[in-house]
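Structure record follows, encoded as structure tokens.
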Amino acid sequence: ISALLQGVLKAMTGIGVSATEEQPDEHEESRVVTWASLMVPPLTIMMLNLIGIAVGAARAVYSKNPDWSKLLGGIFFSCWVLIHLYPFAKGLLG
């Protein structure tokens with residue numbers, strides 16, 4: 001309940017209530033998260049899906065007996081994954 005009251009007080013008056021004083025932290029750099037390592041798995045998934053679409057299309061086009069339903073199913077699920085990763089890609093590209 002106190003957090004709710006503090007939020008209302010800050011929203012109405014602009015006064016922030018804090019139990020401790022703001023002091024510069026000497027260990028702040030050690031707690032900084034490097035985001036580069038967190039970008040590797042989604043980028044890998046995106047690249048593998050794009051490569052999978054290209055390989056599946058090439059396999060269907062250049063095959064003597066193409067299986068179009070298998071290609072369409074693979075493209076559908078690869079696009080499904082890419083659509084879900086679109087916000088990540090949009091944020092990555094700015």
Side-chain angles (χ1 to χ4, degrees):
I1 293 178
S2 65
L4 179 68
L5 293 175
Q6 287 177 2
V8 170
L9 179 68
K10 184 169 183 170
M12 294 178 72
T13 62
I15 300 171
V17 179
S18 178
T20 61
E21 255 185 60
E22 296 282 331
Q23 295 178 0
D25 191 8
E26 58 200 38
H27 301 290
E28 188 173 355
E29 292 93 23
S30 65
R31 290 190 296 269
V32 174
V33 176
T34 57
W35 295 103
S37 62
L38 296 175
M39 291 184 200
V40 172
L43 285 174
T44 304
I45 292 170
M46 290 171 63
M47 292 300 293
L48 288 175
N49 277 292
L50 290 171
I51 291 169
I53 290 172
V55 168
R59 189 178 289 174
V61 168
Y62 294 115
S63 175
K64 291 182 182 179
N65 191 10
D67 190 6
W68 294 104
S69 62
K70 193 174 184 180
L71 172 67
L72 292 177
I75 288 178
F76 173 76
F77 286 112
S78 289
C79 288
W80 182 268
V81 171
L82 291 172
I83 287 169
H84 281 88
L85 288 174
Y86 176 72
F88 173 78
K90 188 175 179 183
L92 189 64
L93 296 176

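Note that the numbering runs from 1 along the sequence shown for the chain.
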Query raised in the report: Under a single-linkage rule joining Ile, Leu, Val, Met, Phe, Trp and Tyr whose side-chain heavy atoms are separated by less than 4.5 Å, which residues share a cluster with Ile51?
Result: Val55
What pairs of donor and acceptor atoms, side-chain ones from residues 56-68 against any protein atom, are under 3.5 angstrom apart with sequence neighbours left out?
unit_1 : atom_1 : unit_2 : atom_2 : d
Ser63  : OG     : Asn65  : N      : 3.3
Asp67  : OD1    : Ser69  : OG     : 3.2

Requested in this report: Identify whether Met39 and Leu82 are in the same connected component of the hydrophobic contact network (ILVMFWY, side-chain heavy atoms under 4.5 Å).
Outcome: yes
Query - Any residue meeting side chain to side chain donor-acceptor pair (under 3.5 Å) with Thr44, in chain and number order, not counting sequence neighbours - result: none
Query raised in the report: Hydrophobic clusters join Ile, Leu, Val, Met, Phe, Trp and Tyr when side-chain heavy atoms are under 4.5 Å apart, directly or via other members; which others share one with Phe76?
Result: Phe77, Trp80
Query raised in the report: With Ile45, which residues qualify under side-chain contact (heavy atoms from CB on, under 4.5 Å), at least two apart?
Result: Asn49, Val81, Leu85
Report summary line: dist Ile53:CD1 -> Leu48:CG (nearest 0.5 Å) comes out at 11.5 Å
Which side-chain N or O atoms in residues 86-94 pair as donor and acceptor under 3.5 Å with protein atoms at least two apart or in another chain?
none

